[in-house]
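I have placed the structure first, in the form of structure tokens, so that the comments after it can refer back to it.
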Number of protein chains: 2
Amino acid sequence: MTTRWLTPEEQRAWRAYIGAAHLVEDALDRQLQQEAGMPHMYYSILSTLSEADERRLRMTDLAERLKITRSRLTYAVSRLEKDGLVGRETCRWDKRGSIAALTDEGMAVLESAAPGHVETVREVLFDRLSPAQVEQLEEIFSTVTEGFQGEEAHGTGDDVPWRRRSSKPCSSAAVPTDIPGESG
Amino acid sequence: MTTRWLTPEEQRAWRAYIGAAHLVEDALDRQLQQEAGMPHMYYSILSTLSEADERRLRMTDLAERLKITRSRLTYAVSRLEKDGLVGRETCRWDKRGSIAALTDEGMAVLESAAPGHVETVREVLFDRLSPAQVEQLEEIFSTVTEGFQGEEAHGTGDDVPWRRRSSKPCSSAAVPTDIPGESG
DNA sequence: TAGGTTTGTTTCAAACTTGAACCAAGCCCC
DNA sequence: GGGGCTTGGTTCAAGTTTGAAACAAACCTA
């Protein structure tokens, strides 16, 4: 099959996107590194945990939500754990499982970093976009994300074995009142 | 000042964007790593050079176009140089300057990798977007990029000293017929 | 229920990125 | 024309990411 090159419009869009994405990422990383001593991804981990049930999530779930590899997450959580912002627990119903839990200190750090972070996100992005554009942004990237979800099922013969879909909940909140096992 | 948190619409847009951006980046990196043995950024370096006058560019210019730090570029070019895909030359009119030049081998590698790369870009992005959305994408991220250009001039008191704007051309094509210096 | 596969996670080495520090070469200006 | 500032690039150590390999627990299934 002969290559379908990008049209001039697509080229422009692609370059604008790639360039801006770098700028945005860098700005976020720099701001958070300065004010919270961690890169953006680490902040996202804390943030995601803070919204989860009981402020804890299985590693695989967390990786799935953040769209990162499990290996990357392991490293990041280890660092956050060393800093006392996250704790690791083992899952009682699936002993393979490991659960990341936001500590009070982690919550505090998150809360103190949040305003500065949001301010940066506004500065670099939302303050420059019209409401219509915000909607377009969501629409465009939701579509892109959806594209990836189908891919794994069939795909172009290409599998993505390392990016799995969620596992069972396993947080105590998601557990029935009568807990199995844990007998004695 | 009290924090202007993100509205629900903005939140959704932000999350969609961040998540999709990770997926896209990973997909591109993976594809290029497989088929060309280099991450996306390195491909972009080759690609940018290939379009430049004489297929060569000063380091600072290259960094500016790619929106990356000079330090990151130095490392990347060193690797590409080791692979024989790029050569380094010194600038005759500014002896501080260093010029990265795409070699024939680099051009060949680029050309052989291009179809697969474009195909991936289509798969993950453009094949899922309407022409209107492509336009919106460009508009949105051009705006974002512009935002950064103003920033350095005044900004919120925050300087970005390491991300400079272009230097003088310095490629032989940009040189007047009568070359100064180089007296012999 | 032993053996084989799958799933959840970590580990490891190699590659990459970051930011600060450094070195030269240009530039200014008295 | 000798300081002092700026600019172009590199270097270095510390931190992060990657992908493959290792492990262990869970899940078949004969």
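Each chain gets a letter, A, B and so on, in the order its sequence line appears, and its residues count up from 1.
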Going by an N to O cut-off under 4.0 Å, is there a salt bridge joining A:Arg128 and B:Glu146?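 Result for this pair is no, no salt bridge flagged.
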Whole-Å distance separating the [atom1] atom of [X] from the [atom2] atom of [N]:
X	N	atom1	atom2	answer
A:Arg30	C:dG19	CZ	P	7 Å
A:Trp93	C:dT7	CH2	C1'	19 Å
B:Glu64	D:dG9	CD	C1'	16 Å
B:Arg58	C:dG26	CZ	C1'	11 Å
A:Gln33	D:dT16	CD	C1'	11 Å
A:His22	C:dT18	NE2	P	9 Å
A:Ile68	D:dT16	CD1	P	13 Å
A:Met41	C:dT17	CE	P	15 Å

Taking only residues two or more places apart in sequence, or in another chain, which ones meet [X] in a side-chain hydrogen bond (donor to acceptor under 3.5 Å, both in side chains)?
X	value
B:Glu9	B:Thr7
B:Arg15	A:Glu51, B:Gln11
A:Arg72	none

ring-ring contact (aromatic ring centres under 6.0 Å, His included) involving A:Phe126 - partner list, sequence neighbours excluded: none
Check this one for me: any side-chain N or O of A:Arg96 less than 4.0 Å away from OP1 or OP2 of D:dC27?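 For D:dC27, neither OP1 nor OP2 has a side-chain N or O of A:Arg96 closer than 4.0 Å.
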For [X], all residues meeting salt bridge (charged side-chain N to carboxylate O under 4.0 Å, His left out), sequence neighbours excluded:
X	result
A:Glu35	none
B:Glu25	none
A:Arg79	A:Asp83
A:Glu139	none

I want to verify a distance call: between [options], whose nearest atom is closest to the [X] side chain?
X	options	result
B:Arg88	D:dA20, D:dT10, D:dG9	D:dT10
A:Ser71	C:dT11, D:dA25, D:dC12	C:dT11
A:Lys95	C:dT9, C:dA25, D:dA25	D:dA25

I'd like a table of donor-acceptor pairs (distance under 3.5 Å, sequence neighbours excluded) in which one partner is a side-chain atom from residues 107-121 of chain B, with atom names and distances.
from, atom 1, to, atom 2, distance (Å)
B:Ser112, OG, B:Val109, O, 3.1
B:Thr120, OG1, B:Gly116, O, 3.0

So how far off straight is the helix from C:dT1-D:dA30 to C:dC30-D:dG1, going by the axes through five pairs at either end, to 10°? 10°
Name every residue in residues 72-87 of chain B that has at least one heavy atom under 4.0 Å from any atom of DNA chain D, in order of residue number, or write none if there are no such residues.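 Those residues are B:Thr74.
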Taking DNA chain D as the partner, which of residues 42-51 of chain B come within under 4.0 angstrom of it by heavy atom? none
Looking only at heavy atoms, what is the nearest atom pair of A:Gly84 and A:Glu105, with distance?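 Closest heavy-atom pair between A:Gly84 and A:Glu105: O-OE1, 3.6 Å.
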Is a donor-acceptor contact shorter than 3.5 angstrom present between the side chain of A:Arg70 and the base of C:dT9? no
Quick one: label B:Ser98 by what it contacts on the DNA or RNA (base, sugar-phosphate, nothing), any heavy atom closer than 4.0 Å. sugar-phosphate
With nearest nucleotide decided by heavy atoms, which residue, B:Gly97 or A:Pro39, maps closer to the 5′ end of DNA chain D? B:Gly97
Using a 3.5 Å distance criterion without hydrogens, assess whether the side chain of B:Arg88 forms a donor-acceptor pair with backbone atoms of B:Glu81.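 Such a contact is absent between B:Arg88 side chain and B:Glu81 backbone.
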